[in-house]
Amino acid sequence: MWPVKLKERALLACARRCCVCHRFCGRNIELHHIVMESKGGTSSFENCIPLCYDCHAEAGHYNPLHPKGTKYSSSELRNHRDNWYQAVDKLIYLELEWKSKRNKTVKQIYEDQVITLKGFVWREAFPGPPNYESFETDEIETYWMLVLPEPVTFYTNCIETEQTIEVRNVKKLQLCVSSDFYKTNKNIVRTNVELTGTLFASLTGHHHGDANFKIKS
Ligand SMILES: [Zn+2]
């Protein structure tokens, strides 16, 4: 059993999101012993990783007599956890920053305007096909988001009415990049970067940010 205080500390540190796949779990979050109790692992903060039901099952089940797939090592789990706790810290910090900057003059960005933005790169999982509704029944889609240190206002043209629409309080941009970009830039996830590109509005179920950011090659 996990001590109550430790449990609370771990749940706050992960923001009730799984440390491996980062989905929000709410009540369904589970605390896993990185080194199993039967192998001498203690119920300590250091030996604890909050996981979703699926990742918990994955982390726990591995048959050395019939190896299938790639085992989660204890050091990998620790790294996932430490990276995630850091990312949560960073995002909570950004939330506070946003609040303090709410009344300041905001940057205004127009569609098709080439712009360089600073932000924190974040990988986020969403329910994918067929229904885009639930992690239980749908496939999982993962996207890279750029979280801005201060909100911006974005102006876009409505295709039907040709009127300009103002989108305020844009804080999270979904990155639109080539598949090569993901491969060659893995190291930018959970870091602060500067990216150049153009913004366009979120239109379909595949768009999860306040706007989309098409990165120039
Ligand atoms: Zn998970």
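Order of listing sets the numbers, starting from 1, for every ligand and every atom in it. Along the sequence shown, residues are numbered consecutively beginning with 1.
For the Zn ion (ligand 1), the set of nearby N, O or S atoms under 2.8 Å includes none belonging to Cys25. Among the backbone and side-chain atoms of Cys19, no N/O/S atom is found under 2.8 Å from the Zn ion (ligand 1).
For the side-chain contact (heavy atoms from CB on, under 4.5 Å) with Leu117, the qualifying choice from Leu146, Val193, Leu195 is Leu146, the only one to do so. Checking Ser75, Ser74, Cys48, Ser44 one by one against Ile34, the side-chain contact (heavy atoms from CB on, under 4.5 Å) holds for a single residue, Ser74. For the side chain to side chain donor-acceptor pair (under 3.5 Å) criterion with Glu124, the lone passing option out of Lys172, Gln174, His22 is Lys172.
Angle SG (Cys18) to the Zn ion (ligand 1) to SG (Cys52): 120°, rounded to 10°.
Remark: Arg190 is not positioned above the aromatic ring of Phe120, lacking an NZ or CZ atom under 6.0 angstrom from the ring centre and at most 45 degrees off the axis.
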